[in-house]
Every structure is written in C-alpha cells, then in structure tokens.
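All figures in this text were calculated on a predicted structure; none of them were measured in a lab. Only this structure's heavy atoms are used, side chains among them; waters, hydrogens and symmetry mates stay out.
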Amino acid sequence: MASVGPSAASTQPALPSGPAVFKTIPYAFILPEILCGTWVWILVAATSVSLPLLQGWVMYVSLTSCLISLLLLLSYLLGFHRNSENWKVLDSLYHGATAILYMSAAVLQANATINSEFGTNAPLNYQLNSAASFFAFLTTFLYILHAFSIYYQ
C-alpha cells in the first residue's frame with residue numbers, strides 16, 4: 001500500500017526565478033507583453049491625439065500595465081515570490097484584469113484609428129493609429145494567454 005506523504009503532495013511545479021522566467025510558460029509572456037505594450041503608448045504618443053479622452057485611456061492602460069508588468073518581471077527575476085502559491089493567484093488575477101482593460105483600450109484605439117482616417121495629416125496619423133491598434137490587440141491576446149495558461153501548468 002503506497003503512502004501519501006508530504007513529498008507526494010508537493011508535486012506542483014516550482015515558480016521560476018532568475019533567467020528560468022524567460023523559458024517557462026506562462027511567465028515567458030511577460031517580456032513580450034511589456035514590449036508590445038510599450039509600442040502601444042509610443043505609437044499613440046507619436047500621433048496628433050485628436051480624441052484625448054479615448055486615447056488618454058489607451059495611454060493610461062498601456063503605460064500602467066507596462067510598469068506593473070515590469071515590476072512583476074523583476075520580482076520573478078529576483079525571486080521575491082519565494083515559491084508561494086499565492087503568487088500564481090496574484091499573477092492570474094492581474095493578467096486577467098489587465099486583459100479586460102487592454103481589450104477596452106484596444107477597441108477605443110480602433111475607434112480612434114477609424115476617426116483619424118480623414119483628419120489632418122491623415123496618412124501618417126492613420127498609419128500610426130493602425131499600428132497602435134494592432135499592438136493593442138496583440139498585447140490583449142498575450143495577457144489573455146498568460147492569464148489562462150497558468151491553469152494548464
């Protein structure tokens with residue numbers, strides 16, 4: 001008869017620390033999330049913001065998410081989690097909530113792209129807004145992948 005001891009109960013994979021973060025799914029998504037999110041706010045900032053309320057929300061979501069994701073990445077790299085299971089819950093909740101916020105920002109950015117098609121300096125602003133919309137939807141997809149892939153570890 002096999003006994004179930006503490007070693008059998010702790011078969012959950014350890015949370016990565018250091019460079020292993022870049023090789024482990026879902027934590028490998030953090031750096032692309034940061035990079036794509038950075039492109040969103042750079043591209044929006046490069047346009048002549050014709051709809052400040054819409055694109056202000058896009059800038060807020062992208063910049064705040066980049067900074068918080070960077071702090072999360074640094075905490076994983078430096079091992080602040082100390083292999084606590086609570087970090088998985090925190091990570092999943094953060095990435096799920098951020099995916100929802102990014103989806104709203106991506107839709108608003110797509111609306112700003114449509115509105116910039118015939119404005120002043122139309123070709124350049126339209127192209128910049130189109131690229132910002134693309135990266136906003138890509139970043140949303142990365143956050144969704146990260147949030148759901150925690151459950152499939």
Side-chain angles (χ1 to χ4, degrees), residues 12-117 119-121 123-153:
Q12 296 244 338
L15 293 172
S17 292
V21 170
F22 300 114
K23 299 175 188 173
T24 309
I25 300 288
Y27 308 103
F29 291 131
I30 295 176
L31 191 59
E33 291 163 2
I34 293 169
L35 294 176
C36 290
T38 302
W39 272 112
V40 171
W41 61 268
I42 287 172
L43 289 166
V44 170
T47 66
S48 61
V49 178
S50 58
L51 302 164
L53 188 60
L54 299 181
Q55 290 182 303
W57 176 251
V58 175
M59 291 289 286
Y60 172 76
V61 169
S62 61
L63 189 56
T64 305
S65 300
C66 281
L67 293 175
I68 294 173
S69 293
L70 183 62
L71 289 174
L72 192 61
L73 177 63
L74 288 174
S75 67
Y76 280 123
L77 287 173
L78 299 175
F80 288 152
H81 55 76
R82 297 193 178 134
N83 210 17
S84 171
E85 287 297 314
N86 294 333
W87 277 82
K88 282 187 177 180
V89 174
L90 171 79
D91 191 81
S92 179
L93 288 175
Y94 165 70
H95 282 89
T98 305
I100 293 168
L101 293 176
Y102 242 110
M103 180 57 80
S104 70
V107 169
L108 291 175
Q109 180 58 37
N111 185 18
T113 301
I114 293 168
N115 290 333
S116 72
E117 188 173 6
T120 59
N121 202 7
L124 178 63
N125 282 332
Y126 181 73
Q127 291 168 353
L128 289 171
N129 281 322
S130 295
S133 295
F134 170 77
F135 280 108
F137 281 107
L138 180 63
T139 307
T140 302
F141 181 66
L142 288 170
Y143 276 105
I144 290 170
L145 277 178
H146 189 125
F148 283 117
S149 63
I150 290 175
Y151 295 111
Y152 297 111
Q153 282 186 342

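With sequence neighbours left out, the side-chain hydrogen bond (donor to acceptor under 3.5 Å, both in side chains) criterion links Asn125 to Ser48. Not counting sequence neighbours, the partners of Ala131 by the side chain to side chain contact (heavy atoms under 4.5 Å, CB included) test are Leu43. With sequence neighbours excluded, the residues that form a side chain to side chain contact (heavy atoms under 4.5 Å, CB included) with Ser104 are Trp57. Every residue meeting the side chain to side chain contact (heavy atoms under 4.5 Å, CB included) condition with Ser133, not counting sequence neighbours, appears here in chain and number order: Gln109, Ala110, Thr113. In terms of the side chain to side chain contact (heavy atoms under 4.5 Å, CB included) criterion, residue partners of Val89 (sequence neighbours excluded) are, by chain and number, Leu93.
Here the CG atom belonging to Leu101 is positioned 8.0 Å from the OH atom belonging to Tyr60, to the nearest 0.5 angstrom. Note that CG of Leu73 is 7.5 Å distant from OG of Ser75, once rounded to the nearest 0.5 Å.
Side-chain contact check for Tyr76 versus Asp91: some heavy-atom pair is nearer than 4.5 Å.
Tyr102 and Ser62 are not linked by any side-chain donor-acceptor pair at a separation below 3.5 angstrom, with hydrogens and angles left out of the test. When only modelled atom types and interatomic distance are considered, Ser69 and Tyr94 share a side-chain donor-acceptor pair under 3.5 Å. Side-chain atoms of Gln55 and Asn129 include a donor-acceptor pair closer than 3.5 Å.
By the 6.0 Å contact criterion, CZ on Phe141 is open, its count of non-hydrogen atoms from other residues, nucleotides or ligands being 12 or less.
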Per-pair distances, 0.1 Å, donor-acceptor, side chain in residues 28-41, under 3.5 Å, sequence neighbours excluded:
from  : atom 1 : to     : atom 2 : distance (Å)
Glu33 : OE1    : His95  : NE2    : 3.0
Glu33 : OE2    : His146 : ND1    : 3.3
Thr38 : OG1    : Ile34  : O      : 2.6

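The shortest heavy-atom contact between Ala99 and Thr140 is O-CG2, 3.7 Å.
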